[in-house]
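For ligands, and for the atoms within them, numbers begin at 1 and follow the listed sequence. Note: hydrogens, waters and symmetry copies are ignored here, and every other heavy atom, side chains too, is used.
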Amino acid sequence: MDNRTSSFSVHPPIELSSFCVSEEYGFILTDPLTDLPEYYRAWMDLATKLTDLVKTRQFRHRVAELPLLSTCYLRGHRELRLAHLALGVITMGYVWQEGPHQPAKVLPKVLAVPYCAVSEMLGLPPILVYADCVLANWKLRNPDGPMEIENMDTLFTVFGEDSSKGFFLISLLVEKAASSGMQGITMVMNSMLTHDITGIQEALAVVEDSIRKMREAFKLMHKYVDPMAFHNNVRIFLMGWKDNAALPDGLWYEGVREEPVCLYGGSAAQSSSIQCFDQLLGVKYSDHTSWAYMRRMQAYMPPPHRRLVDTLSSWPPLRTYILSSSSPELRRAYNSCVSALVDLRCYHLNTVVRYVTIPGHKTSGVSCPFRGLHAIQRSQGTGGTNALPFLKGIRDDTKQAMITDQ
Ligand code: HEM
């Protein structure tokens with residue numbers, strides 16, 4: 001037994017809606033707004049024109065000309081989320097316009113002050129997070145049509161337009177596939193409360209099916225995202241200012257803080273879905289650095305989503321429950337989920353080799369537009385990790401969760 005309580009009596013049933021998670025969309029923001037009140041026109045205009053203005057090196061000048069807008073006209077969660085997304089995109093354009101060898105070290109007051117205010121209201125850090133650029137950055141072209149890539153668009157892209165769009169939308173579809181898994185998780189947990197073995201087993205099959213569907217959705221990445229465009233453009237504009245040699249001291253938010261702030265860049269490591277599956281299945285990150293990193297990523301999730309991960313981690317462990325049960329079917333259903341998660345992580349790893357490692361080697365040639373890049377940055381994820389060792393470790397930890405007969 002680990003230090004979680006072994007008693008089920010203290011745990012009320014889990015309701016996804018209490019964590020702002022929808023049955024149909026999971027962690028995705030449903031019906032995101034596509035525009036802010038007219039007062040915020042300057043933000044929306046700038047965020048939608050990032051690519052053109054970065055190409056012509058005008059983005060920073062245009063930011064400097066922004067009026068200092070009050071956040072008092074932003075109403076409700078959806079307006080705040082759209083404002084956080086737009087200001088995040090503008091911040092990335094401002095910091096990385098000249099590439100990693102010449103980042104801006106100071107975020108001007110006209111941007112820093114409202115951005116930090118909106119971030120505080122949402123309980124999110126003032127940087128473009130996964131919950132912005134993926135979970136809140138989408139619309140249906142035909143509102144009555146299906147949620148399929150051909151019928152979808154982003155509200156904003158970062159540099160590397162088509163590949164940026166593809167990266168955000170495919171990640172969104174992977175999240176959509178995870179939504180049935182979130183329902184499966186609640187079914188597992190709530191069936192544990194009543195010791196309903198068949199219920200747990202059926203719910204685990206739902207979880208497994210969802211993880212396998214995530215892998216299927218992931219495959220679309222290869223059709224819609226070009227590796228070189230991802231590596232040299234998209235990735236650069238998602239990088240943060242923590243564990244990044246380009247901005248070793250962080251970024252100074254003028255008019256807000258006295259000291260520069262260090263924050264990780266936007267990465268799908270900030271996805272709550274995968275951390276929920278890990279909690280359900282009892283995946284233990286054996287390396288302390290990886291554990292600490294995954295824990296830190298929770299601060300980049302919207303607070304109710306973070307609470308769900310925490311709640312799952314405080315429940316009596318499913319794995320221990322299964323180990324003490326005599327049902328071979330239950331054990332099989334659990335192992336199939338672990339196996340699906342290992343497969344997903346293996347697929348993800350191969351994708352990282354294709355999109356980060358291989359282009360990183362090619363980029364070391366003289367024609368690289370970012371030739372000032374330090375070697376480590378060429379193979380670094382947007383979340384600041386040295387990607388491959390970190391991801392291999394977590395994949396191996398997932399394998400360790402498998403229950404073997406002995
Ligand atoms: C081109 C596609 C992708 C690339 C190149 C990529 C790259 C990376 C990298 C480099 C990391 C290490 C952390 C960092 O420094 O950012 C990472 C972590 C992670 N990524 Fe991705 N990623 C991709 C797509 C996705 C998608 C679609 C998902 C799922 C929604 C995802 C989920 C995760 C998770 C959960 C982690 C944390 C480690 C883990 O739990 O295994 N990634 N990714």
task: Kindly say whether the aromatic ring centers of Tyr264 and Tyr293 come within a distance under 6.0 Å.
output: yes
statement: ligand 1 to Ser267, heavy atom cutoff 4.0 Å, flagged ligand atoms 13 (C), 14 (C), 16 (O)
message: Show me which atoms of ligand 1 lie under 4.0 Å from any heavy atom of Arg345.
response: 39 (C), 40 (O), 41 (O)
message: What I want to find out is whether Lys213 reaches Asp209 closely enough, with some N-O distance under 4.0 Å, to be called a salt bridge.
response: yes
task: For the pair Glu208 and Arg212, find out whether any cationic side-chain nitrogen is under 4.0 Å from an anionic carboxylate oxygen.
output: yes
message: Distance under 4.0 Å to a non-hydrogen atom of Val352: what atoms of ligand 1 satisfy this?
response: 6 (C), 7 (C), 8 (C)
- line: One finds that the ligand 1 atoms under 4.0 Å from a non-hydrogen atom of Ile274 are 35 (C), 40 (O)
message: Suppose I only count heavy atoms of Ala387 and a 4.0 Å limit; which atoms of ligand 1 are within that range?
response: 10 (C)
message: Closer than 4.0 angstrom, basic N to acidic O: yes or no for Glu98 and Arg57?
response: yes
query: Which ligand 1 atoms does Ala269 reach within 4.0 Å, using its non-hydrogen atoms?
result: 18 (C), 19 (C), 20 (N), 33 (C), 34 (C), 36 (C), 37 (C)
- prompt: Between Arg215, Met214, Lys219, which is the residue that forms a side-chain contact (heavy atoms from CB on, under 4.5 Å) with Val174?
  reply: Met214
- prompt: Looking only at side chains, do Gln58 and Thr56 share a donor and an acceptor under 3.5 Å apart?
  reply: yes
- request: Inspect the contact between Arg78 and Asp31 and indicate whether a charged nitrogen and a carboxylate oxygen are less than 4.0 angstrom apart.
  value: no
message: Can you name the atoms of ligand 1, numbered from 1 with element, that are less than 4.0 Å from a heavy atom of Tyr355?
response: 1 (C), 5 (C)
- prompt: For atom 3 (C) of ligand 1, which candidate among Tyr224, Phe167, Phe168 provides the closest heavy atom?
  reply: Phe167
message: Below the 3.5 angstrom mark, is there an N/O of Asp278, backbone or side chain, next to an N/O of ligand 1?
response: no
- request: Name whichever N, O or S atom of His348 ends up nearest to atom 21 (Fe) of ligand 1.
  value: NE2
- prompt: Can you tell which part of Gln275 has a heavy atom less than 4.0 Å from ligand 1: side chain, backbone, both or neither?
  reply: neither
query: Between Asn137 and Thr154, is any side-chain donor less than 3.5 angstrom from a side-chain acceptor?
result: no
task: For Met294 and ligand 1, answer yes if some heavy atom of the residue is under 4.0 Å from a ligand atom, otherwise no.
output: yes
query: Does a salt bridge link Arg62 with Asp52, judged by any charged N lying under 4.0 Å from a carboxylate O?
result: no
field: Structural part of Met214 in contact with ligand 1, heavy atom criterion under 4.0 angstrom
entry: neither
- prompt: Out of Phe218, Phe277, Phe230, who gets a non-hydrogen atom closest to atom 26 (C) of ligand 1?
  reply: Phe218
Contact check: Ser271 vs ligand 1, nitrogen or oxygen atoms, below 3.5 angstrom: no
field: Between His305 and Tyr300, ring centroids under 6.0 Å
entry: no
query: When you look at CD of Glu254, are more than 12 heavy atoms from neighbouring residues, nucleotides or ligands closer to it than 6.0 Å?
result: yes
Ligand 1 to Tyr130 polar contact by distance, N or O atoms, under 3.5 Å: no
- prompt: So is Tyr264 in contact with ligand 1, going by heavy-atom distances below 4.0 Å?
  reply: no
